[in-house]
**Student:** 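There's a structure below that I have some questions on.
Throughout, a chain's letter reflects where its sequence line sits, starting with A, and its residues are numbered from 1. Everything numeric in this text was worked out from a predicted model, so none of it was measured.
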There are 2 protein chains.
Amino acid sequence: MESVLRKYRGKGFKLTPQRIAILKFLDGNTSHPTAEDIYTEIKKKYPTVSFATVYNTVQALRDRGELLEITIDPQRKHFDPNPSAHHHIMCTGCGRIADVFTDYSKALTLPEEVTSEFHVTGNHVDFYGVCSDCRKKTN
Amino acid sequence: MESVLRKYRGKGFKLTPQRIAILKFLDGNTSHPTAEDIYTEIKKKYPTVSFATVYNTVQALRDRGELLEITIDPQRKHFDPNPSAHHHIMCTGCGRIADVFTDYSKALTLPEEVTSEFHVTGNHVDFYGVCSDCRKKTN
DNA sequence: TCCTATCTTGGAATAATTCTATTATATAGT
DNA sequence: ACTATATAATAGAATTATTCCAAGATAGGA
């Protein structure tokens, strides 16, 4: 828990109580929360917290490379506190997002017509499917 | 042009003037327009067209498998009238989206821990980069 | 301890999308 | 061609997600 905070000390990143709560909530969290998920959680301990604080904090973390913005869900953004290169799969039934740790970098070669026009800086591989819980329900 | 409309006749899909305009705008269009792009275009010929019509129509097309919703842009949805499996690259400078027609299906194998939980139904491979125009400008 | 840059907050603003009630019309059936 | 009706179009309100803003609060360096 202290280790969560250590890397943010100094460097003009103020460790306010709200931010500490957000950092602790995100630490090791693999649930891919939305801004609202974070807001709801932090509100339990800090009832006056605002969405602005949540968005400010995730943006600060993103700028520092500590957080990824996930685009797999067409409806809203999700966040992932694991900034290392990996991918995702979303259940089209319940919306749950899980991690996919396979490294596809070797496989994702681009044709010359694309690489000649774009300097490629990154990629997302998103999978869609139906999880076992949802298969039981809807059949 | 007639061929664009042929496949929509019958089957409870009403070919209204607004829809025909949308279908013609989308036919062969590789610009990956947003709802607003479509709205702005159709408004030229039908000044009273509403966003509801645009959204209703793209949803009807999506339901019929004639249109894909693109999630590569975190800010807004884009649409692609080419429903065959392919992928995209977006310029992080100007937001332009281009098609990537490489077939990665063979390469995108998932670990057993994922396939045992999810019945996989689809995937998106999104690339990010900087296009040649934007390299000239910002650099 | 004090100063100040930075943060938090509430609420307003913006933007994207969906919904609703009403009016209009494309098309199937005659 | 005519009519009935299911479906669509429209305006505008509602919803949802996100950003902005001004004022007061505070973390952390000096």
Side-chain angles (χ1 to χ4, degrees), chain A residues 2 4-25 32-64 67 69-79 95, chain B residues 2 4-25 32-64 66-67 69-79 95 97:
Chain A
E2 265 310 301
V4 185
L5 307 181
R6 194 170 303 145
K7 69 174 126 177
Y8 296 103
R9 299 210 185 280
K11 326 243 179 65
F13 188 89
K14 278 197 185 179
L15 279 172
T16 66
Q18 295 86 346
R19 284 184 167 190
I20 291 169
I22 293 173
L23 290 171
K24 285 183 178 172
F25 174 60
H32 307 90
T34 63
E36 186 171 23
D37 294 334
I38 299 170
Y39 173 76
T40 301
E41 177 65 24
I42 306 311
K43 209 172 173 62
K44 290 178 188 168
K45 194 168 180 188
Y46 298 98
T48 64
V49 75
S50 69
F51 266 105
T53 295
V54 173
Y55 281 107
N56 284 344
T57 303
V58 298
Q59 187 168 331
L61 295 176
R62 183 153 47 93
D63 291 346
R64 301 177 144 248
L67 187 76
E69 196 173 273
I70 308 299
T71 60
I72 193 172
D73 179 353
Q75 305 312 314
R76 59 189 63 77
K77 291 175 190 169
H78 293 251
F79 299 97
Chain B
E2 264 312 301
V4 185
L5 308 180
R6 196 169 301 146
K7 69 174 124 176
Y8 297 102
R9 299 211 182 279
K11 327 243 179 63
F13 187 89
K14 277 197 186 178
L15 279 173
T16 66
Q18 295 86 344
R19 285 184 164 189
I20 291 169
I22 292 172
L23 290 171
K24 285 183 178 175
F25 174 60
H32 307 90
T34 63
E36 187 173 20
D37 293 335
I38 298 171
Y39 174 75
T40 301
E41 178 65 25
I42 306 310
K43 209 171 173 62
K44 291 178 188 169
K45 192 168 181 187
Y46 298 97
T48 65
V49 76
S50 70
F51 266 104
T53 295
V54 173
Y55 280 106
N56 284 345
T57 302
V58 297
Q59 186 168 329
L61 295 176
R62 182 153 45 94
D63 292 347
R64 300 179 144 245
E66 305 286 350
L67 186 73
E69 195 173 272
I70 308 299
T71 60
I72 194 173
D73 179 353
Q75 305 313 315
R76 58 190 64 77
K77 291 176 190 165
H78 293 250
F79 299 97
I97 297 170

**Student:** Just to verify, which of A:R64, A:K14, A:R19 counts as forming a side-chain contact (heavy atoms from CB on, under 4.5 Å) with A:Y8?
**Tutor:**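 Among A:R64, A:K14, A:R19, the one that satisfies the side-chain contact (heavy atoms from CB on, under 4.5 Å) with A:Y8 is A:R64.
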**Student:** Taking atom OG1 of B:T34 and atom CZ of B:R76, what is their separation to the nearest 0.5 Å?
**Tutor:**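 Rounded to the nearest 0.5 Å, the OG1-CZ separation comes to 6.5 Å.
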**Student:** So, is A:R19 close to the C:dT8 phosphate, meaning a side-chain N or O under 4.0 Å from OP1 or OP2?
**Tutor:**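 Checking A:R19 against C:dT8: at least one side-chain N or O falls below 4.0 Å of OP1 or OP2.
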**Student:** Once you apply a heavy-atom cut-off of 4.0 Å, does B:P74 come out as touching a base, just sugar-phosphate, or nothing?
**Tutor:**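 Answer is nothing: B:P74 stays at 4.0 Å or more from every strand.
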**Student:** I'd like to know whether A:T16 forms a side chain to side chain contact (heavy atoms under 4.5 Å, CB included) with A:T57, so could you lay out the CA-CA distance, the side-chain angles of the two residues, the decisive distance to 0.1 Å, and finally the verdict.
**Tutor:** CA-CA 10 Å; A:T16 66; A:T57 303; over 6 Å; no
**Student:** OP1 or OP2 of C:dT8 versus the side-chain N and O atoms of A:T16: is any pair under 4.0 Å?
**Tutor:**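 Answer yes for this pair, as a side-chain N or O of A:T16 is under 4.0 Å from OP1 or OP2.
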**Student:** Is there a donor-acceptor pair under 3.5 Å between the side chain of B:D63 and the backbone N or O of B:A60?
**Tutor:**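 Flag not set: sc B:D63 to bb B:A60 has no pair under 3.5 Å.
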**Student:** Do B:F79 and B:H32 come close enough that some side-chain heavy atom pair is under 4.5 Å?
**Tutor:**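 In short, these two side chains do not touch, never coming nearer than 4.5 Å.
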**Student:** Between C:dT18 and B:Q59, is there an OP1 or OP2 to side-chain N/O distance shorter than 4.0 Å?
**Tutor:**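 Checking B:Q59 against C:dT18: no side-chain N or O falls below 4.0 Å of OP1 or OP2.
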**Student:** Using OP1 and OP2 only, check whether a side-chain N or O of B:Q75 sits under 4.0 Å from D:dT18.
**Tutor:**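 B:Q75 to D:dT18 OP1/OP2: no side-chain N or O under 4.0 Å.
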**Student:** Tell me, yes or no, whether the heavy-atom count around B:K43 atom NZ, taken from other residues, nucleotides or ligands under 6.0 Å, exceeds 12.
**Tutor:**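 Atom NZ in B:K43 is packed in, count exceeds 12.
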**Student:** Output yes when at least one side-chain N/O atom of B:Y55 is less than 4.0 Å from OP1 or OP2 of C:dT17, else no.
**Tutor:**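 Yes, B:Y55 has a side-chain N/O under 4.0 Å of OP1/OP2 on C:dT17.
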**Student:** If we ignore hydrogens and angles and just use 3.5 Å, is the side chain of B:N56 paired with the main-chain N or O of B:T53 as donor and acceptor?
**Tutor:**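 Checked: no pair found.
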**Student:** Describe, as an angle rounded to 10 degrees, how the axis at the first end of the helix from C:dT1-D:dA30 to C:dT30-D:dA1 is tilted relative to the axis at the last end, five pairs per end.
**Tutor:**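 The two end axes of the helix from C:dT1-D:dA30 to C:dT30-D:dA1 meet at 40°.
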**Student:** Rounded to whole Å, how long is the line connecting atom NZ of B:K45 with atom P of D:dA9?
**Tutor:**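 Between P of D:dA9 and NZ of B:K45: 15 Å.
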**Student:** With sequence neighbours excluded, what pairs up with A:Y55 under the ring-ring contact (aromatic ring centres under 6.0 Å, His included) test?
**Tutor:**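 Applying ring-ring contact (aromatic ring centres under 6.0 Å, His included) to A:Y55 gives none.
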**Student:** What I'd like to find out is whether the side chain of B:L61 reaches to under 4.5 Å of the side chain of B:F13, using heavy atoms alone.
**Tutor:**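 Side chain of B:L61 against side chain of B:F13, heavy atoms only: contact under 4.5 Å found.
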**Student:** Can you measure B:N56 atom CG to C:dC19 atom P for me and round it to whole angstrom units?
**Tutor:**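 Distance check: B:N56 CG to C:dC19 P gives 10 Å.
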**Student:** Which of residues 47-54 of chain A have a heavy atom under 4.0 Å from DNA chain C?
**Tutor:**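 Listed by number, they are A:T48, A:V49, A:S50, A:A52, A:T53.
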**Student:** Round to the nearest Å and state the distance from A:Y8 atom OH to C:dT6 atom P.
**Tutor:**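 Rounded to whole Å, this separation is 19 Å.
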**Student:** Measure from the side-chain heavy atoms of A:K77 and tell me the nearest of C:dA16, C:dA5, D:dT19.
**Tutor:**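 So the side chain of A:K77 is nearest to D:dT19.
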**Student:** How long is the line joining CZ of B:R64 and P of D:dT7, in whole Å?
**Tutor:**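 Between P of D:dT7 and CZ of B:R64: 12 Å.
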**Student:** Quick one: do B:K7 and B:E66 make a salt bridge, cutoff under 4.0 Å?
**Tutor:**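 B:E66 and B:K7: salt-bridged.
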**Student:** Report the distance from atom CG of B:L5 to atom P of C:dA26, rounded to the nearest whole Å.
**Tutor:**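 Result: 14 Å.
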**Student:** Report the distance from atom CG of B:L15 to atom C1' of C:dT27, rounded to the nearest whole Å.
**Tutor:**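 That distance rounds to 10 Å.
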**Student:** For B:F13 and D:dA6, give me the distance from atom CZ to atom C1', rounded to whole Å.
**Tutor:**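 Distance check: B:F13 CZ to D:dA6 C1' gives 15 Å.
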**Student:** What is the distance, to the nearest angstrom, from the CG atom on B:L23 to the P atom on D:dA9?
**Tutor:**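 After rounding, the reported distance stands at 11 Å.
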**Student:** Could you work out which one of C:dA26, D:dT26, D:dA17 sits closest to the side chain of A:K14?
**Tutor:**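 Selected nucleotide (nearest to the side chain): D:dT26.
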